[in-house]
Amino acid sequence: MSRKRGRKGAGGGQRWDALPWKTIEPPLERDDGWQGMAGEEQALLYTLEEISGNDYCLREDSLGGSQERSFLAIILCQMVVAPTTPSAEDMPPAAQDSAGGVGGGVGNGKEGDAGDAGGKKGRKRKAPSALAAASEGGSSSKTEGGTASSWTNGGAKGTEKDGHGAGGDDDGNAAVEGGGAEKTTEDGDGDGEPEASNKGPKKKKRRGQGKKKRAAEARAATAAAAAAVAAAGSAPPLGDGGGSANAAAVDDAGGPGAPPPPAGLETVGRKQQQQQQQQHAGEQTAETAAAAAEKGKTKPEATTKKKKKKKKKKKKNARGEDKGGEEAAEVGQKKSERDWELGSEEAAKMAPWMYLGVELHPALLWHLHRQGFHDPTPIQRRVLPKAVLGRKDIIGAAETGSGKTLAFGLPVLSEILTRRDAAAAAARLAEGEEADQGEGEEEEGEGLHEGLQALVLCPTRELALQVAAHLREVVRDTGVAVVEAAAAGPAGAEGGAGAGAAELPALPSTLKLCSIKSLQMEKDVHAYLFCAMYPGRTLIFVNAIAIARRLSALLCALSVPATPLHAQMQQRQRLKSLDRFTSDPKAVLVATDVAARGLDIPKVEHVVHYDAARSAEVFIHRAGRTARARAAGLSLSIVAPRDDANHRQTCSVLGLHGGMQAFPLDVRMVERARERVGMALRVLKFQEAQNRVSASNDFFRGLSKEADLVMDGDLLMEDAGAKPDAAAQGRRGVKGLGKKGNQHAARLAAGARQALAVSLSRPLHSDRRKLIPVAQALTDMRAVSERTAAGDLAGKQRTRSGKQKP
Ligand SMILES: Nc1ncnc2c1ncn2[C@@H]1O[C@H](COP(=O)(O)OP(=O)(O)OP(=O)(O)O)[C@@H](O)[C@H]1O
């Protein structure tokens, strides 16, 4: 439900750049609810409300506890792009007229968006309060019903919540979006080519005659596609029984209960964008006119300076010096508005986005299409209309891997791009010049939008990098820079979630949950057995850094390509581990909860909880690293007696009162895995001894070198397994073992390594057919247990009646 919160009648005169940024220092440590929010956070929200002129906050009653605080970052994003002036439709007619005049120069290049209704009149959207009221009705139902999208949740839980991005932080980093100001002539990725459409952005020659034709084609195709989907009953009909908030939001444009003329929808969206542009252009015209007049006077000087600056920047880039420390802003060649036109077929594919009635900036649409995102996800469908059209501040909630990043990212980026276009148009207008894409325009835009446009806070550096990369993908080549910036967090802190949240995020319905009961000392065996039997990208979660180190070393010794990830690793090493994990489809990452939240690593097939998560919320975040974006995934909990309490609590919170499904195990394979793990532990023990010896020897050698002394051989220990010539030099061996003892140790080490190698060269099970996919194993197991249950039932009935049932 939406409800009003915060101070009323807040003025809208301030701008986002007056934000007290310094008061937001991740990690935000409170994990209690909205009401109990730390004073400064509360103050920050009020400040944000004042700045945005928005004195209400849309939220759902189902959200509570830490979720609200979790979405501070999103609120923040929305706030910084919220209007500081009344919207065009709230303006008196005269003002609207003048804004319309400005907009005439702005709308250039939009005809190809398939967003125009070809002259049909769109219905006016409701005023914000009406929209809020409408959304109340819509948001009461939490299921996405009857939509065209395969993102529909179907059997997923009715209440979808999330605790995205908050809680106990690892090291408190921020992803920062800068906008408009930066531009280089390089494509950050070196890959400006479209993948989905196999067509590059349209070239300028598309201007003129052919353009109108193509635009008309695109409109016709989109309208036809939309109408076809609606006719088939698979599109979300407005005001239908599905009752989703999305439908309610669309109602705002189309009226409740009325089947939507798709073109009308598009008109509303397009009109909205034009209004936004007109509004921004109107705001900036006077300011820009003065600036332009000034610029006109000093232009030659200013241009030369800028060109020099650019040259310097290019040189720096070539030398790789301009990385700004940790930042790696990928700013591609800025393309003009016209370059983002989609062809008619492409536009038709993107019709589900048009249904939202939100006209996203064409560049975003183009990039969404390029990435194959033809459908908005449920959370995106619900957020976008309210964020973009309703200009609401949103606390969003959805299952893991459901596209929340773009849900908050798209409105922010669309606003930045739209404002920039409007500013450029206003500048052109002020200078009385014909729109001319190129250097001149870039500089105008640059002058008007220099600086930070939006800020996203993330609890870990990894997440900051990921969010930035994710957003960067949709603004490639627009000249908007998305960069990551680090902020200091508590050293060595782990990214555990705050316990005791009243509401929990949901898990995707494509995720299977199962468990293995184990002894503490057998956990290694089960973890190894699973990795060996079901190779695939696997994320193993442990509760302690020492275990992450030990288990990853053990798995490596067993030829499983494992790497650790924990908060005590240097940032560089952490990124390297992640790189390795993402580049090898069979890699295993042994991680602490530093990797539990928000990380979107493609195609993680399995999540293994080596140690039980300390709370159900952490469990959900961990498990949510797999089964993302509609993919299937498996979560396996290895439950030893000491994990039992946490595991049972998680099960009860998830409503699995009978516990999780037992993972099928073959006793013979467990036996063989046990043998191998034993051998690997021996190898590691010898390895460790060897490492200790060489570390000690290195230490003494280093000392003697520094002091310029001749090394006394007695101080050196002999390497177990060292080369024979080293032993021949008469050094003393490992203390307590003596020379013979060392030789014996070396022999043992070599023997253990060899035995392990032999064992690893054989299949884990003599019958290779036992290597079946996890999903198959679970299906088989279910069938067996169903048969057993049926048998049991029959058995019971037999006993009771004394007769066997047919
Ligand atoms: N409209 C879309 N169509 C297809 N894929 C999408 C769409 N939007 C996002 N995705 C993809 O879905 C994946 C998950 O997105 P994202 O990381 O935003 O999820 P999330 O909801 O933030 O997850 P978490 O709660 O775990 O942080 C990403 O790989 C993203 O590229």
Side-chain angles (χ1 to χ4, degrees), residues 66-67 70-71 73-74 77 144 147-153 156 160-167 175 195-196 246 349-356 358 360 364-365 367-384 394-413 456-460 462-474 476 495 497 501 504-508 510-511 537 539 541 582 593 595-604 607 617-631 633 635:
S66 60
Q67 262 86 51
S70 302
F71 281 90
I74 301 178
C77 288
E144 299 282 333
T147 70
S149 165
S150 45
W151 275 94
T152 305
N153 287 330
E160 299 160 349
K161 319 192 181 84
D162 189 345
H164 183 92
E195 288 145 31
N246 179 39
K349 274 192 188 160
M350 297 302 279
W353 292 95
M354 311 294 183
Y355 271 121
L356 301 177
V358 175
L360 289 171
L364 299 181
L365 219 51
H367 281 301
L368 288 170
H369 178 270
R370 178 180 61 82
Q371 293 181 80
F373 296 174
H374 299 138
D375 260 3
T377 66
I379 181 76
Q380 290 161 1
R381 281 207 297 274
R382 295 177 71 172
V383 164
L384 287 173
I394 293 169
I395 295 172
E399 62 200 25
T400 51
S402 56
K404 291 183 289 291
T405 312
L406 286 184
F408 74 78
L410 289 175
V412 172
L413 296 171
V456 181
L457 302 179
C458 303
T460 62
E462 285 78 10
L463 193 50
L465 287 170
Q466 178 189 292
V467 168
H470 206 129
L471 298 182
R472 207 175 285 139
E473 271 307 302
V474 282
R476 266 209 220 174
L504 292 166
L507 283 169
T510 49
L511 177 70
R537 194 166 287 143
L539 190 43
F541 282 105
T582 43
D593 285 328
R597 279 169 178 267
L599 279 192
D600 180 45
I601 299 162
K603 296 184 185 155
V604 173
V607 165
E617 191 184 354
V618 175
F619 177 88
I620 289 169
H621 281 290
R622 284 176 171 189
R625 298 315 98 205
T626 180
R628 297 176 71 77
R630 292 172 285 181
S635 156

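No experiment lies behind these values; they were computed from the predicted model shown. Each ligand, and each atom within it, is numbered from 1 in the order the structure gives.
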Open item on the list: For a 4.5 angstrom cut-off between non-hydrogen side-chain atoms, does Ser402 reach Pro378?
Closed with: no
TODO: Just jot down the ligand 1 atoms closer than 4.0 angstrom to any heavy atom of Thr405, in number order.
DONE: 16 (P), 17 (O), 18 (O), 22 (O)
TODO: Could you check if a side-chain atom of Val456 sits within less than 4.5 angstrom of a side-chain atom of Phe408, using non-hydrogen atoms only?
DONE: yes
Open item on the list: Can you tell me if His470 contacts ligand 1 (heavy atom of the residue under 4.0 Å from the ligand)?
Closed with: yes
Task: For the student: nearest non-hydrogen atoms of Lys349 and His369, plus distance - done: CD-NE2, 4.2 Å
Open item on the list: Yes or no: does Ala398 have any heavy atom under 4.0 Å from an atom of ligand 1?
Closed with: no
Open item on the list: Within ligand 1, which atoms have a heavy atom of Thr377 less than 4.0 Å away?
Closed with: 1 (N), 2 (C), 7 (C), 8 (N)
TODO: With sequence neighbours left out, write down each residue that passes side-chain contact (heavy atoms from CB on, under 4.5 Å) with Ala623, or none if nothing qualifies.
DONE: Leu507, Leu511, His609, Phe619, Ser635
Task: Contacts of Arg625 that satisfy salt bridge (Lys or Arg N to Asp or Glu O under 4.0 Å) - sequence neighbours left out - done: none
- [ ] Can you see which heavy atom on Thr405 is nearest to which on Val467, and at what distance?
- [x] CG2-CG1, 4.0 Å
Task: Subset of ligand 1 atoms that lie under 4.0 Å from at least one heavy atom of Ser402 - done: 19 (O), 20 (P), 21 (O)
TODO: Report yes if Gly403 has an N/O atom closer than 3.5 Å to an N/O atom of ligand 1; otherwise report no.
DONE: yes
Open item on the list: Is the shortest side-chain heavy-atom distance between Arg628 and Val604 below 4.5 Å?
Closed with: no
Task: Region of His374 engaging ligand 1 - heavy atom pairs below 4.0 Å - done: neither
Open item on the list: For ligand 1 and Thr400, I'd like to know whether there is a polar contact (N/O to N/O, distance under 3.5 Å).
Closed with: no
- [ ] Could you list which atoms of ligand 1 come closer than 4.0 Å to a heavy atom of Asp375?
- [x] 1 (N), 2 (C), 3 (N)
- [ ] Please confirm whether Pro376 comes within less than 3.5 Å of ligand 1 when only nitrogen or oxygen atoms on both sides are compared.
- [x] no
Task: Leu360 side, atom CG; Leu384 side, atom CG - distance, nearest 0.5 Å - done: 6.0 Å
- [ ] Please could you name the atoms of ligand 1 that Arg625 approaches to less than 4.0 Å, counting only its heavy atoms?
- [x] 26 (O)
Open item on the list: Using every non-hydrogen atom in the two residues, find where His367 and Val474 come nearest and quote the distance to one decimal.
Closed with: CD2-O, 3.3 Å
TODO: Go through ligand 1 atom by atom and flag the ones less than 4.0 Å from a non-hydrogen atom of Trp353.
DONE: 1 (N)
TODO: Show which atoms of ligand 1 fall inside a sub-4.0 Å distance from at least one heavy-atom site of Ala629.
DONE: 12 (O), 13 (C)
